[in-house]
Participant: 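The structure is given below, and queries will be raised subsequently.
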Amino acid sequence: MTQTTQAPQVNTSAATRLDLGGEWELTWSAGPDDVPEAVRTAAIPAQVPGEVHTALLAAGLLADPDVGWGELAQQWVGHSHWVYRRHVRWSPTPGARTDLVADGLDTIADVYVNGRRVGAARDQHLAYRWRVDEALVPGDNLVEVRFASAWDAAREHERAHGPLPSPYDEPYPHVRKAAANFGWDWGPHYVTAGIWRDIRLETYAGRIDHVRPLVRLDAGHAVAQVTAHVRVDAPDGSDVRVELTDPAGRRAGSAVGTVVGDEAAVVLRVDDPDLWWPVGLGGQPMYGLRVELEHIGVVLDSTAVRVGLRSVAVEETPDPLGTRWALVVNGRPVRVRGYNWIPDDTLASRATPERVAHRIDQAVAGNANLLRVWGGGHFATEEFLNACDERGVLVWHDFLFACAAYCEDDEMVELVTAEAEQAVARMSAHPSLVLWCGGNETVLGWRHWGWPDQMGVRGWGARYYLDVLPGVLARLDPTRPYVPNSPWSGSLDRDPAVDTHGLSHLWDAWNERDYVHYRYHDPAFVAEMGWCGPPAWTTLGRVVVGESPGPDSPQTRHHLRAIDGMHKLTRGLQPHVPTPRGDADWHFATQVVQARAVSAGVEWLRSRERCGGAVVWQLNDCWPVISWSAVDSEGIEKPLWHALRHSFAPRLVTIQPVNPGPTHDPTGDEGLVLVLVNDADASWSPDVLIRRVGLDGREHARAQVRAECPAGGLVRLAVDPEVALPADPRAELLVIDAEGVRTTWAYRPERELAAPSPERTVGVTVVDGALHVTVGAVTLLRDVCVSADRLAQPLGLEPSALAVDDALRTLLPGESQVFRITRRDGRAIPQDRAAALSTALLDESVRSFGEVTGSIGNSLRNKGTS
Ligand code: BMA
């Protein structure tokens with residue numbers, strides 16, 4: 001008998017992907033007694049990707065949980081079990097297999113095809129793939145995803161393994177799901193479930209799992225080497241063809257690699273590469289990689305990725321205080337001006353790619369150059385990273401651990417390893433991603449929050465930060481720097497809370513002291529610092545129902561989660577401003593103090609030679625809340641955002657005390673220093689006008705300074721004591737004007753200043769489709785703001801539809817300032833609309849800090865509309 005060996009039959013058609021997104025049917029299957037009857041019996045249309053919450057909201061089965069006490073009335077959602085169902089037509093392809101691929105299931109789910117269990121999910125952060133062709137039948141098929149309560153599963157794990165210490169009374173570290181989904185000090189408890197990412201059927205004879213293009217530059221940046229690691233699931237004898245195109249779309253090289261095991265590595269060389277740079281330092285050219293998987297001349301699958309050519313490193317340099325820490329891109333130290341990023345919505349599907357891109361635009365418009373994706377949320381989406389690539393925004397990404405001890409049992413280690421492998425592989429193409437970090441405040445927690453006593457000999461997570469995660473990076477992406485935690489002082493043996501080494505979180509100012517205390521720190525790098533303040537008045541007003549949204553309103557307090565938050569807000573006001581009389585005054589005062597606080601801290605840090613950067617806590621919000629954010633949940637910039645736009649400007653002029661001293665009295669012996677900070681790559685010599693003026697507007701002294709500040713450098717100039725030292729610190733201010741930007745230095749806290757009652761004029765016109773609100777200073781006006789959100793309603797617009805171009809302007813008597821208010825959608829405001837804005841509304845919408853004293857009374861003179 002002759003035996004013929006046959007090559008395995010390989011399907012000759014390319015892999016196909018059948019999207020299962022769109023409408024599914026959602027039903028409740030089990031849960032607590034307070035589940036509404038209507039929910040128990042309903043077949044609810046549910047959009048996929050999406051959450052149970054968003055489906056219930058769309059079906060009118062859940063009241064808006066953001067509003068009033070709504071959050072408390074929806075806890076049953078998170079304690080329930082749910083089933084998603086849909087039908088799909090399928091027919092077998094000879095020689096090909098079919099997988100069900102879920103890019104994200106939240107969180108504990110069993111998956112069925114035609115009643116047969118095909119897989120189980122246990123981790124929200126993982127993508128899952130199950131072979132399903134044996135369960136599928138030609139024609140109609142039923143796919144079901146049955147979710148159990150992640151909350152209950154976490155409690156079960158807690159009972160089985162013992163409690164894990166964390167600052168919140170929730171079992172979040174017991175389940176691999178976004179920590180903040182169980183409530184945080186800025187976020188609600190909406191414990192979600194659902195098919196929250198794409199889901200599809202993939203049919204293939206061979207497929208590309210992922211492409212990891214690792215980029216290396218030679219020392220002179222004359223040559224870039226791109227090694228495309230292509231992971232495949234393909235028949236033996238397959239090849240991978242990689243084609244490179246330059247940023248202009250021209251072919252720049254190609255190479256073929258043989259698949260060995262499940263991977264092919266293809267090396268491409270780029271001479272004279274067009275480098276990718278962080279925003280402000282150059283362009284963001286992107287090269288293209290087209291990858292084909294071939295088997296005996298047949299293309300089984302193909303994909304395309306974009307790559308940016310750049311190098312990145314962390315430079316740790318010993319200095320007399322400790323160890324400096326700086327990010328270096330393409331050999332150039334980049335001083336970081338960043339924001340921390342939290343999930344943009346607790347209900348993730350509402351954070352659409354457009355909304356996220358807009359939020360990143362707000363970071364860029366606010367002069368930030370880095371976002372830190374914090375470890376209590378999710379891994380960044382492709383859309384997020386694409387937007388950062390295109391804008392030159394650096395991304396620091398935490399692995400998903402936050403503020404808790406984490407179990408090191410086998411199942412957790414397996415899940416965390418898989419998460420890291422997927423995330424590192426998926427994100428490796430993005431030039432914006434420059435740093436991986438093991439987690440948030442977990443080493444700090446171990447050191448300072450009493451965990452060793454509670455954990456005993458149990459593993460608390462160090463294995464992840466020091467072994468598992470760096471191990472994954474060493475295997476999959478050794479081109480990016482890794483830091484085991486934030487904060488971090490260089491080793492587990494050194495207290496992460498010290499400022500002297502590496503990464504710091506500066507929280508004493510907000511938690512315990514006044515903001516002048518930022519100036520007692522001289523850290524190497526600040527990864528977190530922040531101060532709470534309310535969202536826009538209209539944002540708070542929308543969710544505080546039937547009460548004035550002031551500090552005494554129970555619903556306002558419900559929308560404030562900072563530990564001891566109201567007390568800290570009040571303490572923050574005390575040194576600076578008399579107790580506000582009404583709710584609107586309180587709102588404005590707390591917003592302005594938030595802005596002044598963080599801005600003071602950032603300018604201090606930028607004026608310090610050794611500080612490699614400041615990452616402010618936090619850019620965004622996930623629901624309407626009083627929080628540390630610069631932009632509220634409706635996308636409205638708080639005064640903080642405007643203040644930081646100035647303090648984060650690549651070129652900054654700032655006045656600082658030479659030595660902050662215990663009393664912060666710059667009239668002490670060391671005086672004031674003018675600091676020019678130049679993050680741009682050309683030298684800079686601005687004209688700086690420094691004037692000491694009385695609060696009545698009279699000028700007492702002036703100096704004109706011109707100094708050269710080198711590219712990427714910093715210059716300190718002592719201010720002539722004749723100008724710097726006031727005759728009466730309660731009645732004078734230092735006013736610094738440089739290149740159209742004004743900053744001021746007060747010698748005493750606001751409440752001690754002998755300021756005249758503010759008098760102002762306000763006029764409004766429409767110019768070129770924009771509202772121009774002109775504020776004229778009759779007396780000195782400090783920190784003038786116009787709340788554009790309050791002007792929207794009479795114009796028939798949503799509060800978030802309008803944006804104002806500036807805030808917190810200090811005007812000397814006789815000066816005026818035009819605040820330009822435009823529609824965010826770019827449409828014009830009709831000429832005749834100014835008349836719709838009443839004098840009373842303008843009065844409420846224009847505020848300056850001195851008015852918080854309640855002394856404005858009838859000294860306020862409005863011109864009204866014109
Ligand atoms: C930081 C963060 C968050 C928290 C924030 C404000 O330490 O890491 O956990 O929300 O402080 O308290």
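Just follow the structure's listing: the first ligand is 1, and inside any ligand the first atom is 1.
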Participant: Looking only at heavy atoms, is any part of Ala562 under 4.0 Å from ligand 1, and if so is it the side chain, the backbone, or both, or is it neither?
Facilitator: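 No part of Ala562 comes within reach of ligand 1.
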
Participant: Tell me, please: is Ala402 in heavy-atom contact with ligand 1, that is, under 4.0 Å?
Facilitator: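 It does not, in that no heavy atom of Ala402 comes within the 4.0 Å cut-off of ligand 1.
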
Participant: Tell me which protein heavy atom sits closest to atom 8 (O) of ligand 1, plus the residue, atom name and distance to 0.1 Å.
Facilitator: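 The protein heavy atom lying closest is Asn440 ND2, 2.7 Å.
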
Participant: Tell me the contacting part of Gln618 for ligand 1: side chain, backbone, both, or neither, using a 4.0 Å heavy-atom threshold, strictly below.
Facilitator: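 For Gln618, no heavy atom sits under 4.0 Å from ligand 1.
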
Participant: Report yes or no: does a heavy atom of Trp507 sit under 4.0 Å from some atom of ligand 1?
Facilitator: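 Under 4.0 Å: yes for Trp507.
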
Participant: May I ask you to list the atoms of ligand 1 that are less than 4.0 angstrom from any heavy atom of Trp628?
Facilitator: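 Per the distance check, 6 (C), 12 (O).
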
Participant: Looking only at distances, can you tell me whether any N or O atom of His505, backbone or side chain, sits closer than 3.5 Å to an N or O atom of ligand 1?
Facilitator: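 His505 vs ligand 1: no N/O contact under 3.5 Å.
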
Participant: With a 4.5 Å limit on heavy-atom distance, are the side chains of Cys611 and Asp522 in contact?
Facilitator: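 Not in contact.
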
Participant: So, Arg426 and Glu382, do they make that salt bridge, N to O below 4.0 Å?
Facilitator: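 Salt bridge: yes.
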
Participant: N/O to N/O below 3.5 Å, does that happen between Tyr168 and ligand 1?
Facilitator: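 Looking only at distances, the answer is no, because the N/O contact criterion of under 3.5 Å is not met.
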
Participant: How close do Lys177 and Val191 get, heavy atom to heavy atom, and via which atoms?
Facilitator: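 The answer is CE-CG1, 4.0 Å.
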
Participant: Given Trp374, which partner from the list Trp396, Trp186, Phe401 fulfils the ring pair (Phe, Tyr, Trp, His ring centres under 6.0 Å) test?
Facilitator: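 It is Trp186; the other options fail the test.
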
Participant: Under a 4.0 Å N-O cut-off, is there an ion pair linking Arg155 with Glu158?
Facilitator: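 Here Arg155 pairs with Glu158 in a salt bridge, since their nearest N and O are under 4.0 Å apart.
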
Participant: Strictly below 4.0 Å, N to O, side chains only: are Arg542 and Glu634 in salt-bridge contact?
Facilitator: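 Yes, Arg542 and Glu634 are salt-bridged.
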
